[in-house]
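All figures in this text were calculated on a predicted structure; none of them were measured in a lab. Only this structure's heavy atoms are used, side chains among them; waters, hydrogens and symmetry mates stay out.
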Amino acid sequence: MSRRGLAAVAVSAALVASACSNGVSGVPVAAEISAPTATEVVRQSVTGLGEAAVLRYQGTMTAAGGRAAEFDVTAASSGELLGTVVLAGKQATVLVVDRSIFLKAAADFWATLPGVADGPSKGTAVADRWVKTPAGLLGVEFSDVFLPQTMAQNAVEGVEAAGGGPLADGETTTIGQTKAVRVKTARGSVAVAEQAPHGVVEVRLGKAGDSDPTSVRDVVATVTEASGDVAKFYQDFAAAAGQVSAPVDVLTTVREKSHNFDACGSPSCSIVIHFTNASKIAVKVSVRGAWKGDEQPLGTCEATAGPVAPGQDGSATCTLGTPEWQQFYQRANSVPGNHPYSVQWSTLVLADPPDLSQVNARAQAQAADPEAGKTEGTNYVYSIGYRDSGSEVVWKYGSITTKFWKEHAEPQLRVCLGSTGKVCHATLVTATDDPAAAQILVKQLIDTARAGGKPCPAGQLVGCKS
């Protein structure tokens, strides 16, 4: 027999052996696809919370130092936050840019914060002005509590406590107008909407924050997903942040030396404040004065001086030239008798205004190009879907700030399978370095999916409420 014939026999024998070893008796039976468990539903809902472009929180907490606080704030995934906070019954507007906190409030609010109202009329001096406020002084680091990703990380800890049974086994409750199910977690509890696709409607945390001076306790926050208005949020935020042009630095002060009136005549009058910069940094100084004549208000003056180098002397000239002053001066020179005038002033150090370059860019952002097919960036837009009757069906769109988007999407495939009965897969849409462009693209993709009156993708938790 030829070598060629021997080779053919060997191959044939191998094939026969292979066929025999793979033989299985019996009838194939399809495995049952179980519905998502309570743990899976809550985890998926918290995943949506962390992917949100914009979230609004309303509720209460205990700030560091034991101060009871109320809040109504809206936070973006890119770090911006805007809203109100109430301490001891006194309200302030709060704005956060790059983790820097700026507050604006009446004098009675500042009286609740030790250190700010120290010194004569300090609380009045900063009243109704934007003030750069350290988180430790306020007792809360907003970025460590309210950013969507941060809140999700806190809420998901110990979510396994929700159990392997159905969501319906949890405690039923009503949050606002929404029927919900509340389940315990390691840090407190999470309430998700009773109806699919569920979604977080309330978070309770025993503690949140990275350090004791700014850690808060007993957080109870209702959550409203507002990603559908992401473009408007950035535009409104840019407009609000643009007003923070000369914030006060409450922790840095100068030492006043003397003062004198100067050039007081018919058109105007000035007061000159002399001071020394005793700090270790160069400072800009703001002087604001409230004037009176014959015990009647004459108006206010404002002046800015500096920067003044550390250890150096400086001065600021605050000039009043209002019609009220001019009338007072004429009266003092025509009506016999004493006509006293006075000014009550404040000397404050100014902080640098926030850098709004990124905020303004986000306010003008356009959706990332889904056809670009980029695979590298700081923000990744992906989709989860399945095949049905030969067509691709999208179950949800998402956006995250990590290149490990596949690992992020993988646990969600089981929820998609349990909800639809279909084998689900994740696909990268595109990547971008602009978080606003990524979130606006998600909204654009959702709007396209809803065209013609169609419902939102069945698993969509972000961007469908507008």
Rounded distance (nearest 0.5 Å) linking atom OG of Ser419 with atom CD of Glu40: 9.0 Å
Ring pair (Phe, Tyr, Trp, His ring centres under 6.0 Å) pairs, two or more places apart, involving residues 228-250: Phe233-Phe237
Heavy-atom closest pair, residues Pro134 and Val250: CD-CG2, 4.3 Å
Thr222 side chain to Gln58 backbone, donor-acceptor under 3.5 Å: yes
Side-chain heavy-atom pair Val254, Val349 within 4.5 angstrom cut-off: yes
Check: Trp325 ring centroid to Tyr341 ring centroid under 6.0 Å: yes
Polar side-chain atom of Ser227 near backbone of Ala53 as donor-acceptor pair, under 3.5 Å: yes
Basic-acidic side-chain contact under 4.0 Å: Asp212, Lys207: yes
Minimum-distance pair of heavy atoms, taken over all atoms of Lys132 and Pro247: N-CB, 4.2 Å
Verdict with supporting geometry, Glu160 and Thr39, side-chain hydrogen bond (donor to acceptor under 3.5 Å, both in side chains): CA-CA 6 Å; Glu160 294 79 10; Thr39 292; over 6 Å; no
Contact check, side chains of His198 and Leu167, non-hydrogen atoms, under 4.5 Å: yes
Option among Glu225, Gln149, His408 that satisfies the side-chain contact (heavy atoms from CB on, under 4.5 Å) test with Glu51: His408
Salt-bridge contact Arg204-Asp218 (side-chain N to carboxylate O under 4.0 Å): no
Ser286 side chain to Arg129 side chain, donor-acceptor N/O pair below 3.5 angstrom: yes
Main-chain N/O of Gly188 paired to Thr185 side chain as donor or acceptor, under 3.5 Å: yes
Atom CD of Gln366: over 12 foreign heavy atoms under 6.0 Å: no
Candidates Gln460, Gln444, Lys443 - the one meeting side-chain contact (heavy atoms from CB on, under 4.5 Å) with Tyr397: Gln460
Lys/Arg-Asp/Glu bridge criterion (N-O < 4.0 Å) met for Asp369, Lys374: no
Salt bridge (Lys or Arg N to Asp or Glu O under 4.0 Å) partners of residues 356-365, not counting sequence neighbours, each pair once: Glu80-Arg362
CA sep, side-chain torsions, deciding dist, call: Tyr380, Phe404, ring pair (Phe, Tyr, Trp, His ring centres under 6.0 Å): CA-CA 9 Å; Tyr380 294 78; Phe404 301 109; 9.2 Å; no
Note, Trp405 side chain near Val381 side chain (heavy atom, < 4.5 Å): no
Residues Ile271, Asn260; criterion side-chain contact (heavy atoms from CB on, under 4.5 Å); working and verdict: CA-CA 6 Å; Ile271 186 167; Asn260 61 275; over 6 Å; no
CZ-CG distance between Arg187 and Leu205, expressed to the nearest 0.5 angstrom: 7.0 Å
Atom pair CD (Gln91) and CG (Asp72), whose distance is rounded to the nearest 0.5 Å: 8.5 Å
Flag if over 12 foreign heavy atoms under 6.0 Å of CG, Asp236: yes
Salt bridge Asp128-Lys104, side-chain N to carboxylate O under 4.0 Å: no
Verdict with supporting geometry, Val285 and Leu348, side-chain contact (heavy atoms from CB on, under 4.5 Å): CA-CA 6 Å; Val285 175; Leu348 299 171; over 6 Å; no
Listed partners of His259 passing ring pair (Phe, Tyr, Trp, His ring centres under 6.0 Å), at least two apart: Trp345
Trace of the side-chain contact (heavy atoms from CB on, under 4.5 Å) decision for Val415 with Trp395: CA-CA 10 Å; Val415 181; Trp395 186 68; 4.0 Å; yes
Any donor-acceptor N/O pair, Thr47 side chain to Arg43 backbone, under 3.5 Å: yes
Thr317 versus Ala303, closest heavy-atom pair with distance: O-CB, 3.1 Å
Separation of Trp110 CH2 from Leu87 CG (nearest 0.5 Å): 10.0 Å
Which atom of Asp144 lies closest to which atom of Asn154, heavy atoms considered: O-ND2, 4.1 Å
Gap between atom SG of Cys464 and atom NZ of Lys396 - 0.5 Å precision: 11.0 Å
Minimum heavy-atom distance Val287-Cys318, with the two atoms named: O-SG, 3.8 Å
Student check: side-chain heavy atoms of Val140 and Phe71 closer than 4.5 Å: no
Student check: side-chain heavy atoms of Leu113 and Leu138 closer than 4.5 Å: yes
Asn379 side chain to Thr401 side chain, donor-acceptor N/O pair below 3.5 angstrom: no
Ser357 and Asp355: side chain donor to acceptor below 3.5 Å: yes
Test item: Tyr57 side-chain N/O and Phe146 main-chain N/O as donor-acceptor pair under 3.5 Å: yes
Glu295 CD: over 12 foreign heavy atoms closer than 6.0 Å: no
Where Thr322 and Gly299 come nearest, the two heavy atoms and their spacing: CG2-CA, 4.4 Å
side-chain hydrogen bond (donor to acceptor under 3.5 Å, both in side chains) partners of residues 167-178, not counting sequence neighbours, each pair once: Glu171-Arg182
Sidechain-backbone polar pair: His274 side chain, Ser258 backbone, donor-acceptor under 3.5 Å: no
Side chain to side chain donor-acceptor pair (under 3.5 Å) partners of Asp433, counting only residues at least two apart: none
Donor-acceptor contact below 3.5 Å, side chain Asp249 vs main chain Leu251: yes
Chi angles and distances behind the side-chain contact (heavy atoms from CB on, under 4.5 Å) call for Val94, Leu82: CA-CA 6 Å; Val94 57; Leu82 182 64; over 6 Å; no
Beyond-backbone contact of Thr252 with Val283, side-chain heavy atoms, under 4.5 angstrom: yes
Check: Asn277/Ser279 side-chain N/O donor and acceptor closer than 3.5 Å: yes
Set of side chain to side chain donor-acceptor pair (under 3.5 Å) partners for Glu141, sequence neighbours left out: none
Side-chain heavy atoms of Thr300 within contact of Leu320, under 4.5 Å: no
Inter-residue atom distance Gln326.CD - Leu298.CG, 0.5 Å rounding: 11.0 Å
Exam field: side chain Thr430 to backbone Pro370, donor-acceptor pair closer than 3.5 Å: no
Side chains of Arg414 and Ser34 in contact at under 4.5 Å (non-hydrogen atoms): yes
